[in-house]
Amino acid sequence: MISVSQIIGTLLTGLLLLGSTTCELIAHDGEGDKYKPKNGKLQRVLIFSKTAWYRHPALPELNGFLVRLGAKHNIQMDVTESPEDFSRLNNYQAIIFNSTTDIGKTLNEQQRKQLKDWYHAGGGIMGLHAAAVHHNTWPWWTELVGCGFNSDSEFVKAKLIVDAKNKNHPTVKGFGPTFDYTADWTNHDKSVTGLPGVRVLLRVDEKSYDPVRDAFKTRGGKPMGIDHPVSWIREFEGGRFFYTELGHEVKSLNTKFGHQHLIEGLRWIIKSNSKNK
């Protein structure tokens, strides 16, 4: 039998593949009603991909990939680029900010409050790739993420290092202590290591690739050095946040590791698995 989430995923993917760059929210469970998950399981997630600065061309394809990945795990993934839909966040357990560059210019004061109130009430936030880029127009988001953008690399293979203290976290368990992975790697303006509530999951070994691509070498681009986090989790103001640099393109996520990384990250931010607490 085909589930509702699979039907939604198929329909949405078809729309995305037609070249749509803006997707509206697919479904609601009654506007304003508090969504109540069954047995604490991850069941409903909102994907938000509106940008106010650079827009990654792969965003429609990435949204479709996330919807299909969710369907495989019986998770309904709805997609929107309308900040007005933040008034319906109570319908969701988690929200994925998909490369939402300069989020501070995308949301007005009311929408920022809606997001913060929902987060403080138990909603989980995941940031993919450029969700940590050019967001200094909203101090709260900057503090939540923990760092800003400096430069990045080409899309290349590099060596990832699993943090020894967190090697058994479900988002990275079974990989490491090191493994090779292909993506483009962001240089942040500072490391999040040691920030309150932060647990680094992965670092990238800058000796294994050129950390600053040519376009940034003449514009002040700087590598981060030995401490270069590329994925972390954070307990902040009573809620949970997960960030990964993966997500520039679908091929950086559509792997065995990428699937596990995302799904377990979502489960962690909503506390759906006792092992994740």
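Keep in mind it's a predicted model, so treat the numbers as computed, not measured.
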J.: For the backbone of S82 and the side chain of T80, can you confirm whether one donor and one acceptor N or O come within less than 3.5 Å of each other?
T.: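 Checking the backbone N and O of S82 against the side chain of T80, a donor-acceptor pair under 3.5 Å is found.
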J.: If every non-hydrogen atom of D152 is compared with every non-hydrogen atom of T186, which pair is closest and at what distance?
T.: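 So the two residues come closest at CB-CA, 4.0 Å.
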J.: Apply side chain to side chain contact (heavy atoms under 4.5 Å, CB included) to the pair T100 and T106, showing each step before the final yes or no.
T.: CA-CA 9 Å; T100 46; T106 297; over 6 Å; no
J.: Let me confirm one number: the OG-CZ distance from S252 to F257, rounded to the nearest 0.5 Å.
T.: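 If we round to the nearest 0.5 Å, S252:OG and F257:CZ are 11.0 Å apart.
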J.: Before we go on, tell me: are the rings of Y92 and F86 under 6.0 Å apart, centre to centre?
T.: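 Here the rings of F86 and Y92 have centres that are no less than 6.0 Å from each other.
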J.: So how far is it from Q93 CD to I270 CD1, rounded to the nearest 0.5 Å?
T.: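 So the CD of Q93 and the CD1 of I270 are separated by 4.0 Å.
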J.: Between W140 and Y119, does the ring centre distance come in under 6.0 Å?
T.: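 Centroid distance W140-Y119: below 6.0 Å, so yes.
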J.: Please report the closest heavy-atom contact between V162 and K167, naming both atoms and the distance.
T.: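 It is CG1-CA, 3.7 Å.
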J.: For T255 and G258, indicate whether the former's side chain and the latter's backbone hold a donor-acceptor pair under 3.5 Å.
T.: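 Flag set: sc T255 to bb G258 pair under 3.5 Å.
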J.: How about N63 and N98: does a side-chain donor come under 3.5 Å of a side-chain acceptor?
T.: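 The criterion, which ignores hydrogens and geometry beyond distance, is satisfied for N98 and N63.
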J.: Is it possible for you to say whether Y209 and M224 belong to one hydrophobic cluster, with membership spreading through side-chain heavy-atom contacts below 4.5 Å?
T.: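 They do not share one cluster, since no chain of ILVMFWY contacts under 4.5 Å joins Y209 to M224.
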J.: May I ask you to decide if the ring planes of Y243 and W232 are parallel, tilted or perpendicular, using 30° and 60° as cut-offs?
T.: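 Ring orientation, 0 to 90° scale: tilted.
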J.: Any idea which heavy atoms bring C147 and K190 closest together, and the distance?
T.: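 Heavy atoms of C147 and K190 come nearest at CB-O, 3.5 Å.
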J.: If we only count heavy atoms from C-beta on, is the L246 to W185 side-chain gap below 4.5 Å?
T.: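 SC-SC contact between L246 and W185 confirmed.
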J.: Would the distance check show the side chain of H129 and the main-chain N or O of E245 forming a donor-acceptor pair, the cut-off being under 3.5 Å?
T.: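 A pair under 3.5 Å: yes.
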J.: Before you tell me yes or no, could you show the steps for T137 and D102 under side chain to side chain donor-acceptor pair (under 3.5 Å), namely the whole-Å CA-CA distance, both residues' side-chain angles and the distance that decides it to 0.1 Å?
T.: CA-CA 7 Å; T137 47; D102 208 346; 2.8 Å; yes
J.: Would you check if the side chain of N108 reaches a backbone N or O of Q111 as a donor-acceptor pair within less than 3.5 Å?
T.: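 Present.
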J.: How long is the span from the CG atom in L266 to the CE atom in M77, to the nearest 0.5 Å?
T.: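 Output value for this atom pair is 5.0 Å.
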J.: Ignoring hydrogens, what is the shortest heavy-atom contact between I47 and V67? Give both atom names and the distance.
T.: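 That closest heavy-atom pairing would be CD1-CG2, 4.2 Å.
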J.: Is E264 salt-bridged to R267, going by a charged N under 4.0 Å from an acidic O?
T.: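 A salt bridge links E264 with R267.
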J.: So do D210 and S153 actually touch side chain to side chain, heavy atoms under 4.5 Å?
T.: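 S153 does not reach D210 side chain to side chain.
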J.: Between E249 and F155, is any pair of side-chain heavy atoms under 4.5 Å apart?
T.: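 E249 vs F155: side chains touch.
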J.: Would you please test D189 and F149 for side chain to side chain contact (heavy atoms under 4.5 Å, CB included) and show each step?
T.: CA-CA 5 Å; D189 58 4; F149 174 77; over 6 Å; no
J.: Indicate yes or no: at least one non-hydrogen side-chain atom of S191 is less than 4.5 angstrom from one of H228.
T.: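 The answer is no, as the side chains (C-beta and beyond) never meet within the 4.5 Å cut-off.
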J.: Roughly how far, to the nearest 0.5 Å, is OG of S231 from CZ of R199?
T.: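 Here the rounded value is 11.5 Å.
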J.: Given side chains that start at C-beta, do those of S99 and T51 come closer than 4.5 Å, heavy atoms only?
T.: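 Side chain of S99 against side chain of T51, heavy atoms only: no contact under 4.5 Å found.
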J.: Output yes when D78 and R44 qualify as a salt bridge under the 4.0 Å nitrogen-oxygen rule, no when they do not.
T.: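 The answer is yes: the pair qualifies as a salt bridge.
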J.: Determine whether a donor-acceptor pair (N or O, by modelled atom type, separation under 3.5 Å) exists between the side chain of E235 and the backbone of G197.
T.: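 Here the side-chain-to-backbone pair does not exist.
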J.: Do I269 and I125 make a side-chain contact, defined as non-hydrogen atoms from C-beta onward lying under 4.5 Å apart?
T.: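 Not in contact.
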J.: Within the side chain of Q43, is there an N or O that forms a donor-acceptor pair under 3.5 Å with the backbone of I75?
T.: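 Checking the backbone N and O of I75 against the side chain of Q43, no donor-acceptor pair under 3.5 Å is found.
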J.: Test of understanding: clusters of I, L, V, M, F, W, Y form through side-chain heavy atoms closer than 4.5 Å, transitively. Do L89 and F48 belong to the same one?
T.: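 Both belong to a single hydrophobic cluster.
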J.: As an exercise, state the distance from CD of Q114 to CG of N90, rounded to the nearest 0.5 Å.
T.: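 Output value for this atom pair is 9.5 Å.
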J.: Closest heavy-atom contact between H188 and A132?
T.: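 Where H188 meets A132 most closely, the heavy atoms are CE1-CB, 4.5 Å.
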J.: Please report whether the ring centroid of F65 lies less than 6.0 Å from that of H259.
T.: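 Under 6.0 Å, so yes.
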J.: Please determine if K222 forms a cation-pi arrangement with F216, meaning its NZ or CZ atom is less than 6.0 Å from the six-membered ring centre and no more than 45° off the ring axis.
T.: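 No - K222 does not lie over the ring of F216 by the 6.0 Å and 45° rule.
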J.: Does the pair K50/D85 count as a salt bridge with the N-to-O cut at 4.0 Å?
T.: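 No salt bridge links K50 with D85.
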J.: Start with the C-alpha distance between S151 and N187, add both sets of side-chain angles, then the distance that settles side chain to side chain donor-acceptor pair (under 3.5 Å), and finish with yes or no.
T.: CA-CA 5 Å; S151 56; N187 297 300; 3.0 Å; yes
J.: Identify the heavy atoms of A131 and G127 that sit nearest to each other, and give their distance.
T.: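 Taking A131 first and G127 second, the nearest heavy atoms are CB-CA, 3.8 Å.
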J.: Do T193 and V198 pass the side chain to side chain contact (heavy atoms under 4.5 Å, CB included) test, and can you show the C-alpha distance, the side-chain angles, and the key distance before you say yes or no?
T.: CA-CA 7 Å; T193 300; V198 167; over 6 Å; no
J.: With the threshold set at 4.0 Å, does a side-chain nitrogen-carboxylate oxygen contact exist between R203 and D163?
T.: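 Looking at D163 together with R203, the answer is yes, because their closest N to O distance falls below 4.0 Å.
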J.: Do M126 and V79 share a hydrophobic cluster (ILVMFWY, side-chain heavy atoms under 4.5 Å, transitive)?
T.: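 Per the 4.5 Å side-chain linkage, M126 and V79 are co-clustered.
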J.: K271 versus R240: any side-chain heavy-atom pair under 4.5 Å?
T.: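 Of all side-chain heavy-atom pairs linking R240 with K271, at least one is under 4.5 Å.
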J.: Might you work through the side chain to side chain contact (heavy atoms under 4.5 Å, CB included) test for R234 and L195, ending with a clear yes or no?
T.: CA-CA 9 Å; R234 186 172 201 182; L195 291 181; 4.0 Å; yes
J.: To the nearest 0.5 angstrom, please state how far the CG atom of L253 sits from the CG atom of L128.
T.: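 One finds 6.5 Å between CG of L253 and CG of L128.
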J.: Using the ring-ring contact (aromatic ring centres under 6.0 Å, His included) rule, pick out the option among F179, F242, Y181 that qualifies with H261.
T.: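 Going through F179, F242, Y181 one by one, the ring-ring contact (aromatic ring centres under 6.0 Å, His included) with H261 is satisfied by F242 alone.
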J.: Taking the side chain as everything from C-beta on, heavy atoms only, tell me whether I233 gets closer than 4.5 Å to V200.
T.: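 I233 vs V200: side chains apart.
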